[in-house]
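Residue numbers begin at 1 in each chain, while the letters A, B, ... track the order of the sequences.
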Amino acid sequence: MNLLENLNPEQQRAVMTTEGPLLILAGAGSGKTRVLVHRVANLMANGVEPYHIMAITFTNKAAGEMRERINNLIGTGAEQIWVATFHSSCVRILRRYGDRIGYGTNFSIYDTDDTKTVMKEVLKKLNIDTKKFKERYFLNAISSAKNEMITAEEYALSCGSDLAKSRIAGVYREYQARMRANNAMDFDDLLVECVNLLKQDPEVLNFYQTKFQYIMVDEYQDTNTVQFELVRLLAGGRQNLCVVGDDDQSIYKFRGANIYNILNFEKHFPDATVIKLEQNYRSTKAILDAANGVIHNNEGRKEKALWTQNEQGERVKFKQFDSAYEEAQFIAMDINSKVRKGTYDYKDCAVLYRTNAQSRLLEEKFIVENIPYKIVGGVNFYSRKEVKDILAYLKTVDNAQDDLAVRRIINVPKRGIGQTSIDRVSDYAAALNMPFFDALMQLQMDPALKKLEKKVEPFVLFIQLMRSQLPDLGVAGLIREIIDQTGYEAELEAEGTDEAAARIENIEEFYSKAVSYEEEHEDATLGGFLEEVALIADIDSLDDSEDYVVLMTLHAAKGLEFPNVYMAGMEDGLFPSYMSITADDSVAEIEEERRLCYVGITRAMKQLTMTSAKARMVRGETQYGAVSRFVKEIPSDLLDGEVYEQKQRFFPDFLDDAPTQKINPIFTQKKPMAAAKNFGTKIEKKALDYGEGDRVKHPKFGEGEVISVIDGGRDYEVTVEFDNVGRKKMFASFAKMTKI
DNA sequence: GGTTTGAAACTTTTT
DNA sequence: GTTTCAAACC
């Protein structure tokens, strides 16, 4: 096999340059993954052992894709190549050597929700009013500090007489202490602590420097300072570091990405080779030129001349609508007509938008029009309440020091242990400086807590039992045991609502994820599963073998491509966002938004449609936005559609409602529908055709005898002793029972 | 100790 | 318009 076949001269050079620092400036759609994969193959052809090669990406999806393509090209030996995200690489290193910097190797990983809970506790302890200062404010400040590798101590020293900074320093310190006590790390800690480990322990550093002789980093423009430091350390020995990126696609500044990592690569590594990949294989000329026209308005970028041999193609379509409702309607209809004509499959189409909130309206229309779709992002599957509850059980079994997890589930399902009791035990544990769970095991030591013991004991015994049975049960078995023994699912079943049914579905999906995890990993462990779950993003679950339209934010779309793309909500104030327009450094912020627009445009292969709405509901208020400045930046000969200069219209308060209703009749329809539903519930109350002592039939639980009927005001609460599933309490209007 | 109700915040983007 | 959180009530 000739490795260089089907590669252009620059791509070939990138593949052949194996030694020393290498910067590949890869424009959108220029085949960078291809280059990386071939480069790996070339290294191995040159006799480099696969376990000496490392490839780092940002998302699991990107890692998975690269893994697959490497496997296809190379076959045997490829599985020994370390292909992983930044975060999972760090976890792997820390699980092995984390004890050297004072963490248990079974540390928990806290997601954004978890850190918020911790922060809440911290602020409560420090008597900081969360009305004045929000958790997010501190979490953002701490995250920024961590991204710059500033420790709590260093932060405190740098404050001087700055009161606001000192306050943050105090919070930072306490937050970190709690995380340590819980044996937990947040996303930033994973990177920071990994760098700390490598810096403090020459033995470990040497081990990994020897192991990773050839390192490749994808999406380098989005690395932050810690990630740079990590890469610098790992590549420190041989300096065989190859980074791939595009400064025009840097869109994560808000997350600490430092664009100077890529702009100054040649300064950091003076003998670096620089290769530019400028031929685009993805898009039509029209789309590419539109993208170039937009990005051209940014200053301070590495000038590139992205070109393509592809056909000219159709112009970029632009359509403006009166309301977001009509915009969504158009997109749905347009997709349907294209699918009907056979131009595209559903999976060829993607709708991109600036904010997650925009997905709702689109979703409603897609349901009406019967279009299969998948929304990426928004509420993460793993942050759903029911999934987090089960996860907390797993974490408790895995890491007894994880107080957050234990406290979450000690009263789920209800065990009669309320907030007051939890607080008391927390104080007791804090006083003795021990984990919450340990305190639960010795309540009899404190006379004030002794009476709690009876309620707590079954829970403690259950966790201990699960812990001892874990080797036999496996991860999936453990989950099943937890669902059954705690009666979590049974409780939801008894509720009988649609919402409860959806929750059960989520739990079952979670269970099947555990099953497939165990199928995929021979050495499956509970810790391994928790780790995978903690680091997974929604985008990772995209499956191109199924036929559905994908809806997602512009951020989530990076790295993907679709034949037919829609960019919705092209309005000033939405995109570019109101925040960026009014920011202090508005020029820089709008440049970042423009890069985001560039990313969006370059996702399209054949056809791109931009849409905007004159009026849009945001937070229950109608907003009137002008057409996005980015649309106007597209050269007019490439644009199919008029861009009207719309006057900003302002209505006095008392008129505010009127135009909304005219423009968008759905709101007047919706309300009566909701009212009718409530009305129906009330009527059902009177229609109870069974009473105490009667035999009844339930669709799920089978037959049983009515024990009692209590009038709960709005509804009857019925208790039934079922023949097969025992005694259940439920509401008459939901449990569709009939007398027999 | 648990449940219900009403207010308040939320919406920029995420590993 | 929706979700989350605390106070008031049971």
Side-chain angles (χ1 to χ4, degrees), chain A residues 56-63 84-91 109-113 115-116 120 130-131 134-136 140 143 146-147 185-191 219 222-224 226-227 250-257 324 352-361 364 376-380 382-383 385 411 413-422 452 455 534-540 552-558 569 573-583 589 592-593 595-597 599-600 616-623 660 664 666-667 670-671 674 712-714 717:
Chain A
I56 311 181
T57 64
F58 272 83
T59 65
N60 292 293
K61 178 166 170 72
T85 64
F86 270 104
H87 289 86
S88 58
S89 297
C90 289
V91 172
I109 300 168
Y110 280 4
D111 66 17
T112 325
D113 284 344
T115 58
K116 204 174 160 193
K120 222 175 251 168
T130 49
K131 293 244 162 62
K134 297 193 188 90
E135 293 95 357
R136 278 230 59 80
N140 283 338
S143 180
K146 285 180 181 172
N147 283 332
M185 297 198 205
D186 62 26
F187 289 138
D188 299 317
D189 287 333
L190 294 174
L191 301 164
E219 306 281 11
D222 285 326
T223 51
N224 61 31
V226 207
Q227 287 161 338
S250 161
I251 54 173
Y252 283 112
K253 194 172 137 217
F254 71 93
R255 208 167 71 190
L352 311 181
Y353 37 76
R354 181 65 180 82
T355 66
N356 277 310
Q358 287 168 258
S359 65
R360 178 164 292 134
L361 221 46
E364 279 175 21
V376 175
V379 182
N380 192 324
Y382 294 105
S383 53
K385 182 174 166 291
N411 201 31
K414 305 267 181 297
R415 296 186 179 89
I417 307 163
Q419 199 53 53
T420 353
S421 304
I422 294 176
L452 264 175
K455 291 174 175 172
L535 296 177
I536 222 111
D538 239 14
I539 182 91
D540 303 330
M552 64 187 142
T553 64
L554 288 151
H555 281 88
K558 196 170 66 157
L574 186 61
F575 187 36
S577 73
Y578 180 74
M579 300 278 278
S580 67
I581 296 172
T582 54
E589 297 248 329
E592 172 124 337
E593 297 272 312
R595 287 194 290 271
L596 191 55
C597 185
V599 167
R616 180 183 298 275
M617 289 283 271
V618 180
R619 292 201 298 254
E621 244 177 275
T622 309
Q623 291 196 349
T660 316
N664 198 345
I666 195 170
F667 294 117
K670 252 188 167 174
K671 275 177 188 156
R714 204 179 291 175
E717 192 187 270

What contact category does [X] fall into here, base, sugar-phosphate, or nothing, at under 4.0 angstrom with non-hydrogen atoms?
X	value
A:Lys116	nothing
A:Phe187	base
A:Ser580	nothing
A:Tyr578	nothing
A:Glu592	nothing

Would you say A:Tyr578 has more than 12 foreign heavy atoms packed within less than 6.0 Å of its OH?
no

Euclidean distance, atom [atom1] of residue [X] to atom [atom2] of [N] [Å, nearest integer]:
X	N	atom1	atom2	result
A:Asn356	C:dT3	CG	P	14 Å
A:Met552	B:dT15	CE	P	12 Å
A:Lys120	B:dA9	NZ	C1'	12 Å
A:Ile251	B:dT15	CD1	P	11 Å
A:Arg255	B:dT14	CZ	P	9 Å
A:Asn411	B:dT3	CG	C1'	13 Å
A:Glu219	B:dT14	CD	P	14 Å
A:Lys385	C:dC5	NZ	C1'	14 Å

Would you say [X] places a side-chain N or O within less than 4.0 Å of OP1 or OP2 belonging to [N]?
X	N	result
A:Ser577	B:dT13	no
A:Asn224	B:dT15	no
A:Thr59	B:dT14	no
A:Lys61	B:dT15	no

By nearest-nucleotide position on DNA chain B, the 5'-leaning member of A:Glu593 and A:Thr85 is A:Glu593

Reading DNA chain B from 5' onward, which residue's closest nucleotide shows up sooner: A:Gln227 or A:Ile417?
A:Ile417

Hey, is A:Phe254 doing a stacking thing with B:dT13, by the 5.5 Å centroid and 30° angle criteria?
yes

Checking side-chain polar atoms at under 3.5 Å, does A:Thr112 have a donor or acceptor matched by the opposite partner on A:Thr115?
no

Would A:Asn140 and A:Arg136 count as having a side-chain donor-acceptor pair, cut-off 3.5 Å?
yes

What is the distance from atom CG of A:Asn60 to atom NE2 of A:His87, rounded to the nearest 0.5 Å?
10.5 Å

Heavy-atom check, side chain of A:Met185 versus side chain of A:Ile109, under 4.5 Å
no

